[in-house]
There are 2 protein chains.
Amino acid sequence: MQDDPVINFGKRVRDLRDSRAITQDELAHLAGMDRSYVGQIERGEKNITIRNIHKLANALQVSPKDFFD
Amino acid sequence: MQDDPVINFGKRVRDLRDSRAITQDELAHLAGMDRSYVGQIERGEKNITIRNIHKLANALQVSPKDFFD
DNA sequence: GTGTGACTGAGAGTCCGTG
DNA sequence: CCACGGACTCTCAGTCACA
């Protein structure tokens with residue numbers, strides 16, 4: 001069982017993004033971040049900060065809580 | 001209304017710590033962090049990363065979701 | 001017991017490109 | 001459309017001394 005928060009967070013972002021049928025590029029643009037960075041987050045390669053968590057939550061129109069399920 | 005996530009997160013940490021009646025020193029020890037670092041987080045001076053959010057959640061025995069209310 | 005400023009190494013985050 | 005890379009800049013992690 002993989003319980004690294006960075007991994008789980010990335011999976012959650014990908015799920016939410018897929019459910020909205022948008023690309024990494026589009027999500028990056030909505031959140032005001034770099035396209036390759038979004039990819040790195042989804043792959044669990046980056047230890048994201050709380051400010052960017054909020055940016056992604058807003059871009060995906062969810063509560064930050066929804067990333068921790 | 002102060003909606004900087006860094007500020008709100010700090011307040012939430014302080015509230016949860018106070019409700020447990022422990023010092024910054026004790027929380028820092030439980031979370032495996034430096035005492036002054038915890039203070040900086042509570043004051044909203046640090047844009048904390050997701051891994052440290054989880055450390056604090058574990059130390060306070062709450063879910064990471066509880067920081068986002 | 002806590003607030004604060006200063007500090008260094010590590011890693012967050014960007015920009016460019018490739019298959 | 002995405003994974004992955006190099007090369008870069010900026011900021012966070014983590015600690016310390018002192019108020």
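Proteins get letters first, then strands, A, B, ... in listed order; numbering begins at 1 in each. As a basis for the values below, the full set of heavy atoms in this structure was taken, side chains included, without hydrogen atoms, waters or symmetry mates. For clarity, every value in this text was computed on a predicted model and none was experimentally measured.
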I want to check one thing: is the phosphate of D/dC1, taken as OP1 and OP2, less than 4.0 Å away from some side-chain N or O of A/R14?
no
Charged N to carboxylate O under 4.0 angstrom, A/R12 versus A/D66?
no
Looking only at the aromatic ring of each residue, does the gap between the centers of A/F67 and B/F68 stay below 6.0 angstrom?
no
A/L56 versus A/V62: any side-chain heavy-atom pair under 4.5 Å?
no
Taking only residues two or more places apart in sequence, or in another chain, which ones meet A/Y37 in a ring pair (Phe, Tyr, Trp, His ring centres under 6.0 Å)?
none
Within the side chain of A/N52, is there an N or O that forms a donor-acceptor pair under 3.5 Å with the backbone of A/T49?
no
Distance check needed: C/dG1 P versus B/E42 CD, whole Å only.
14 Å
How does each nucleotide of nucleotides 10-17 of chain D score, in 5' to 3' order, for protein heavy atoms under 4.0 Å: base (B), sugar-phosphate only (S), or none (-)?
--SBBBBB
Could you check whether A/E26 pairs with A/R17 (Lys NZ or Arg NE/NH1/NH2 to Asp/Glu carboxylate O, under 4.0 Å)?
no
Nearest-Å distance for atom pair CG/P, residues B/D25 and C/dG1
8 Å
Using a 3.5 Å distance criterion without hydrogens, assess whether the side chain of A/R51 forms a donor-acceptor pair with backbone atoms of B/V6.
no
Dot-bracket encoding of pairs in DNA chain C, which uses [ ] for pseudoknotted crossings and | for another strand, Watson-Crick or G-U under 3.5 angstrom
.||||||||||||||||||
Is B/R17 near enough to C/dT2 that one of its side-chain N or O atoms lies under 4.0 angstrom from OP1 or OP2?
yes
Distance-only polar pair, side chains of B/T23 and B/D25, donor-acceptor under 3.5 Å
no
